[in-house]
Amino acid sequence: MTGGRPLLEIHPADTWADHVADAVAERLAANPDLVVALPTGSTPLPVYERLPAALAAAGASFGAATVVVLDEFIGLPVDHPVRCDAVLRRTLLDRLERPPARFVIFDVDEPDPDAACAAVDDAVAAAGGLDLVILGLGANGHVGMNEPGSAPDAPSRAVDLAPSTIEAARRYGADPAPSRGVTLGMAPILAAREIWLLISGTHKAGILQRTLSDPITSAVPAALLRGHPGLRLIADDRAASGWPARPRS
Ligand code: PGA
């Protein structure tokens, strides 16, 4: 934090993912029992690619850690490749030498999605609470599936997805695309000890600008993270073009 403003870390696009992977590996080396919520989407993919090597270099592993999937679509069958739990397994967990001790997912096959959310919250609490939440930044400012309009005290819950989120699911191969999902709420995200917001690519420059500069309201849920003492915004220089690396208060 710098005078109430979050610290924006900017890395060259070609080393950004290495930097984030190294930072995750360092956290696991320091705290092998880490309880961490992880996102899906395009943003973390290069980070997850580099993570096995970063873990090896740091002498760290997920073997004692708890991994929580950040959110999930409702209505996709259990083996659907676009399901967030499947994506996280395929892009990261299955590639780890030691899988996490616990993988907490939303049981969206259970008829009551709010019960599935409560079960995730209970599992997080039983593990000691979230040490770290890693987030992508939605083009509309959402974090997880906390779409615009989400209040800072929004619990984990079932939500209607914004049109751009539905369209993203379609692009990833869900057709028909789901229109609802479940997500860690803004409240449990804000209760985490650390929040790392990952931002990469020129197409995120506008929403990064709004995340840092707009009034702190539910119109841009990512802006609600500002003021969290453990917030890091880790951007590449394409998303952060025009920003000084250390915004002044
Ligand atoms: P992206 O999505 O990483 O695919 O850009 C981020 C998000 O919508 O949360």
Side-chain angles (χ1 to χ4, degrees), residues 11 13 16-17 19-21 24 36-51 67-74 76 80-88 90-92 106 130 132-150 154 156-175 177-186 188-190 192 195-212 214 218-226 231-241:
H11 301 276
W16 171 84
H19 177 85
V20 179
V24 174
V36 56
L38 294 177
T40 53
S42 319
T43 305
L45 287 178
V47 175
Y48 294 163
E49 251 170 48
R50 287 159 174 80
L51 207 35
V67 169
V68 182
V69 70
L70 178 63
D71 49 20
E72 187 56 272
F73 294 109
I74 293 176
L76 298 180
H80 197 289
V82 178
R83 262 175 72 142
C84 299
D85 55 5
V87 170
L88 202 49
R90 195 170 63 242
T91 59
L92 178 64
F106 292 90
L130 287 162
L132 172 62
V133 179
I134 299 181
L135 301 166
L137 175 60
N140 64 354
H142 73 198
V143 286
M145 291 177 182
N146 292 283
E147 303 286 13
S150 298
S156 302
R157 67 206 186 284
V159 293
D160 292 329
L161 300 176
S164 57
T165 310
I166 297 172
E167 188 44 42
R170 198 187 321 279
R171 256 195 336 269
Y172 285 123
D175 199 2
S179 60
R180 304 198 78 218
V182 282
T183 186
L184 283 186
M186 291 308 301
I189 289 171
L190 287 164
I195 303 171
W196 296 0
L197 182 62
L198 308 184
I199 315 107
S200 64
T202 47
H203 63 299
K204 293 291 174 69
I207 191 62
L208 174 58
Q209 171 88 29
R210 294 191 61 197
T211 297
L212 285 166
D214 271 20
S218 298
V220 180
L224 299 174
L225 306 174
R226 278 159 45 199
L231 176 65
R232 294 171 68 182
L233 295 101
I234 312 177
D236 75 3
D237 55 6
R238 294 182 177 147
S241 57

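Remember, it's 1-based here, ligands and their atoms both numbered in the order they're listed. What you see is a predicted model; the values in this text were computed from it and never measured. For this chain, numbers begin at 1 and follow the sequence in order.
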Colleague: Do you know which two heavy atoms are closest between Ile199 and Ala239, and how far apart they sit?
Modeller: CG2-CB, 3.6 Å
Colleague: What are the two closest heavy atoms between Glu147 and Pro221, and how far apart are they?
Modeller: O-CG, 3.4 Å
Colleague: Please determine whether the number of non-hydrogen atoms from other residues, nucleotides or ligands lying under 6.0 Å from atom CZ of Arg238 exceeds 12.
Modeller: no
Colleague: Which pairs of donor and acceptor atoms, one on a side chain in residues 37-44, lie under 3.5 Å apart (sequence neighbours left out)?
Modeller:
{"from": "Ser42", "atom 1": "OG", "to": "Tyr172", "atom 2": "OH", "distance (Å)": "2.7"}

Colleague: Kindly print each ligand 1 N/O atom paired with any protein N/O atom under 3.5 angstrom away, one pair per line, or none if nothing qualifies.
Modeller:
{"from": "ligand 1", "atom 1": "3 (O)", "to": "Ser42", "atom 2": "N", "distance (Å)": "3.2"}
{"from": "ligand 1", "atom 1": "3 (O)", "to": "Thr43", "atom 2": "N", "distance (Å)": "2.9"}
{"from": "ligand 1", "atom 1": "3 (O)", "to": "Thr43", "atom 2": "OG1", "distance (Å)": "2.5"}
{"from": "ligand 1", "atom 1": "4 (O)", "to": "Ser42", "atom 2": "N", "distance (Å)": "2.9"}
{"from": "ligand 1", "atom 1": "4 (O)", "to": "Ser42", "atom 2": "OG", "distance (Å)": "3.2"}
{"from": "ligand 1", "atom 1": "4 (O)", "to": "Tyr172", "atom 2": "OH", "distance (Å)": "3.2"}
{"from": "ligand 1", "atom 1": "5 (O)", "to": "Lys204", "atom 2": "NZ", "distance (Å)": "2.6"}
{"from": "ligand 1", "atom 1": "8 (O)", "to": "His142", "atom 2": "NE2", "distance (Å)": "2.6"}
{"from": "ligand 1", "atom 1": "9 (O)", "to": "His142", "atom 2": "NE2", "distance (Å)": "3.2"}

Colleague: Is there a side-chain contact between Leu225 and Met186 in this structure, where contact means two heavy atoms from C-beta onward sitting under 4.5 Å apart?
Modeller: yes
Colleague: Any chance you could lay out the side chain to side chain contact (heavy atoms under 4.5 Å, CB included) test for Val133 and Val143, step after step, and finish with the verdict?
Modeller: CA-CA 11 Å; Val133 179; Val143 286; over 6 Å; no
